[in-house]
Amino acid sequence: MGTTVVWLRDDLRVADNPALYEAARRGGQTAVLFVFDESSDIRPLGGAARWWMHYSLQSLDAQLREIGGRLILRRGVAVDVVKQLIVETGAKAVLWNRRYGLHERNADSGLKDWSRDNGIDAQSFQANLLFEPWQVQTGQGENYKVFTPFWRACLAQPEPREPVPAPSSLKAVKMAGTEKSDHLDTWALLPTSPDWAGGLRSEWTPGEPGAHRRLTEFFDERLIGYSEGRERPSQESTSRLSPHLRFGEVSPFQIWHAARTSRTVGIDDEIQTFGAEIGWREFCWHLLYHNPRLATESYRREFDAFAWEHDTAEEVRAWCRGRTGYPMVDAGMRQLWETGWMHNRVRMITASFLTKNLLVDWRAGEQWFWDTLVDADAANNPANWQWVAGSGADAAPYFRIFNPVTQSIKFDSAGRYLRRFLPELTGLDDAAIHRPWTDSKRAPDYPEPIVDLAESRQRALAAYAKVKNRG
Ligand code: FAD
């Protein structure tokens with residue numbers, strides 16, 4: 001049996017990894033490869049995601065070694081690197097799990113063509129989405145543009161397959177010398193001067209074991225009450241699986257079947273609500289597959305004519321640093337900076353504030369999130385930014401502008417979330433903490449609001465009216 005190359009990308013796990021499983025089943029030597037892709041058409045990772053990837057790769061190598069394998073690290077134009085490894089090892093097969101971005105797909109199909117021309121068996125597997133984006137179609141054979149019918153159509157499909165187990169053993173390819181793999185440290189993925197990752201280290205455990213701890217903990221302890229608790233940023237009610245899903249340390253198939261088997265009496269509604277969130281992830285990838293420029297172009301093309309403000313550098317800086325004078329916005333932006341993650345409701349509030357109250361182009365916010373989120377995801381991030389901005393598929397109507405004060409009172413009435421991330425407001429009582437300007441003597445270090453909510457709302461509605469009339 002010849003050598004098989006397994007090329008891992010957004011699937012940094014050994015369990016429910018069909019490509020890896022198939023390589024082990026074939027029984028020859030296996031070369032498990034990860035490439036730090038330097039192709040010019042692949043979006044470079046942001047800082048927080050690079051931090052995550054370092055530890056995720058470290059953890060994956062340890063997992064592989066437990067079953068007799070090892071991870072080969074290389075950098076460069078990924079497809080060229082894969083071809084080179086195939087030639088070096090004399091491999092007869094190359095296997096991978098599918099990905100869905102346009103450039104990524106083009107790279108993969110180029111490799112498939114090259115393999116066919118060179119007598120190499122190339123095979124790809126479904127591993128990272130429950131429903132392939134081309135598999136779910138409307139009655140007219142079109143892709144979906146609205147979430148609810150999309151998810152209904154998904155749920156009418158055959159049940160997603162059972163997860164496949166981790167291989168019990170692998171035969172690592174024998175190569176002369178360790179120089180055949182890069183040392184992870186030479187990729188310089190971790191921040192050094194300054195090292196801003198302290199908050200990330202205390203919050204997260206990247207890698208497959210950490211992902212499974214989160215999964216088990218969520219189903220054992222937090223699923224009950226999820227529907228209600230998921231709206232409260234001060235509570236740890238959601239799964240926090242997003243970065244683990246982003247890097248494929250846990251698969252949606254594992255989550256789906258964990259949810260099915262935990263069907264204890266009385267939690268069907270919670271499972272449905274949680275399942276629909278996994279459904280949103282599927283929907284975002286469906287959108288990206290059919291609209292590859294989701295991160296750069298407005299989905300609703302009439303938004304091309306939207307009058308975004310241009311002279312906003314100062315406001316954007318205040319927003320990024322959590323110094324807008326609106327506590328719910330600032331707490332969210334500081335949670336993001338400190339921990340690499342932000343609660344979903346607060347993501348919506350901060351994104352609405354930027355795109356509507358400050359009239360800043362959604363692409364600027366999307367890029368900041370891309371740089372700072374540990375779960376920065378090529379589909380979820382732009383799709384959600386466009387959803388909030390009103391330019392996206394099935395988007396929130398533009399005129400629904402979140403009021404950060406009302407939202408704060410509604411979802412964090414006792415100010416617990418605000419106090420955690422805004423220490424300069426701890427002296428304020430539960431009423432004033434949502435509007436610090438009413439008691440500014442007790443919060444001298446906190447900024448005045450950078451924009452008036454009522455006025456900026458009117459300005460946003462007027463800008464939108466112009467787009468609507470063109471649309
Ligand atoms: P849970 O509530 O436990 O949900 C489970 C999983 O469902 C999540 O891990 C995620 O994979 C998926 N999910 C939940 N909500 C959404 C959603 N609205 N859209 C797509 N998938 C969803 N999510 C990302 O994974 N990466 C991003 O880059 C990202 N950027 C966002 C930007 C904005 C402006 C907004 C409003 C939302 C964004 N989201 C993004 C969606 C959502 O905020 C996060 O997925 C969620 O907060 C992650 O926390 P969790 O794992 O505890 O979620």
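Each ligand, and each atom within it, is numbered from 1 in the order the structure gives. The first residue in the sequence is number 1, and the count goes up from there.
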Q) S242 heavy atoms, cut-off 4.0 Å: which ligand 1 atoms fall inside? A) 9 (O), 25 (O), 48 (C), 49 (O), 51 (O)

Q: Report the part of A376 (side chain from C-beta onward, or backbone N, CA, C, O) that has a heavy atom under 4.0 Å from ligand 1; answer both or neither where that applies.
A: backbone

Q) Do E277 and R230 meet the salt-bridge criterion of a basic N to acidic O distance under 4.0 Å? A) yes

Q | Nearest non-hydrogen protein atom, atom 3 (O) of ligand 1 | A | S239 OG, 2.6 Å

Q: Just need the protein heavy atom nearest to atom 40 (C) of ligand 1, so name the residue and atom and give the distance.
A: R347 NH1, 3.2 Å

Q: Give the residue, atom name and distance (to 0.1 Å) of the protein heavy atom nearest atom 5 (C) of ligand 1.
A: F274 CE1, 3.5 Å

**Q.** Polar contact flag, side-chain donor to acceptor under 3.5 angstrom, W256-E159
**A.** yes

Q) Should the ring pair H343 and W341 be called parallel, tilted or perpendicular, given that the plane angle runs from 0 to 90° and is split at 30 and 60? A) perpendicular

Q.
Give me the residue, atom name and distance of the protein heavy atom closest to atom 30 (N) of ligand 1.
A. N381 OD1, 3.0 Å

Q. Between N380, L373, N384, which one has a non-hydrogen atom sitting closest to atom 19 (N) of ligand 1?
A. N384

Q. When the ring planes of Y289 and W134 are compared, do they come out parallel, tilted or perpendicular, using 30° and 60° as the limits?
A. tilted

(Q) For the 3.5 Å polar cut-off, considering only N or O atoms, please tell me whether V388 and ligand 1 meet it. (A) no

Q: May I have the step-by-step check of side chain to side chain contact (heavy atoms under 4.5 Å, CB included) for M342 and F369, ending in yes or no?
A: CA-CA 10 Å; M342 194 197 297; F369 272 32; 3.7 Å; yes

Q) Counting each atom of ligand 1 from 1 as listed, which ones have a heavy atom of L241 under 4.0 Å away? A) 9 (O), 51 (O)

Q: Give a yes or no on whether the backbone of D11 and the side-chain of N17 come within a donor-acceptor separation of less than 3.5 Å.
A: yes

Q: Indicate yes or no for a side-chain donor-acceptor contact from K356 to the backbone of R459 under 3.5 Å, with no hydrogens or angles considered.
A: no

Q. Mind checking whether R240 has a heavy atom under 4.0 Å from ligand 1?
A. yes

(Q) Please list, in number order, the atoms of ligand 1 under 4.0 Å from a heavy atom of R281. (A) 11 (O), 20 (C), 21 (N)

**Q.** From L245, I255, N344 - option closest to atom 47 (O) of ligand 1 by heavy atom
**A.** N344

Q. Is the backbone of P404 close enough, under 3.5 Å, to the side chain of Q407 for a donor and an acceptor to pair up by distance?
A. no

Q: Starting from atom 26 (N) of ligand 1, find the nearest protein heavy-atom neighbour and note its residue, name and distance.
A: D375 O, 2.9 Å

(Q) Heavy-atom contact check, 4.0 Å cutoff: does F283 meet ligand 1? (A) no

Q. For ligand 1, is W370 a contact, meaning one of its heavy atoms is under 4.0 Å away?
A. no

Q: Please confirm whether W387 comes under 4.0 Å of ligand 1, counting heavy atoms of the residue only.
A: no

Q. Of all the atoms in ligand 1, which lie at a distance below 4.0 Å from a heavy atom belonging to M348?
A. 36 (C)

Q | Nearest protein heavy atom with distance in Å, relative to atom 6 (C) of ligand 1 | A | I278 CD1, 3.7 Å

Q | Whether over 12 other heavy atoms sit under 6.0 Å from R43 CZ | A | yes

Q) Between the candidates E277, R246, H244, which shows the shortest non-hydrogen contact distance to atom 7 (O) of ligand 1? A) E277

Q: Just say parallel, tilted or perpendicular for the rings of F36 and W187, cut-offs at 30° and 60°.
A: tilted

Q: Go through ligand 1 atom by atom and flag the ones less than 4.0 Å from a non-hydrogen atom of W341.
A: 48 (C), 49 (O), 52 (O)

Q. Judged by atom type as modelled, is there a donor-acceptor pair below 3.5 Å linking the side chain of H257 to the main-chain atoms of P160?
A. yes

Q | Closest approach of any protein heavy atom to atom 1 (P) of ligand 1, naming residue and atom | A | Y226 OH, 3.5 Å

Q | Atom CZ of R435: over 12 foreign heavy atoms under 6.0 Å | A | no

Q: Check step by step if ring-ring contact (aromatic ring centres under 6.0 Å, His included) holds for F411 and Y417.
A: CA-CA 9 Å; F411 294 108; Y417 177 74; over 10 Å; no

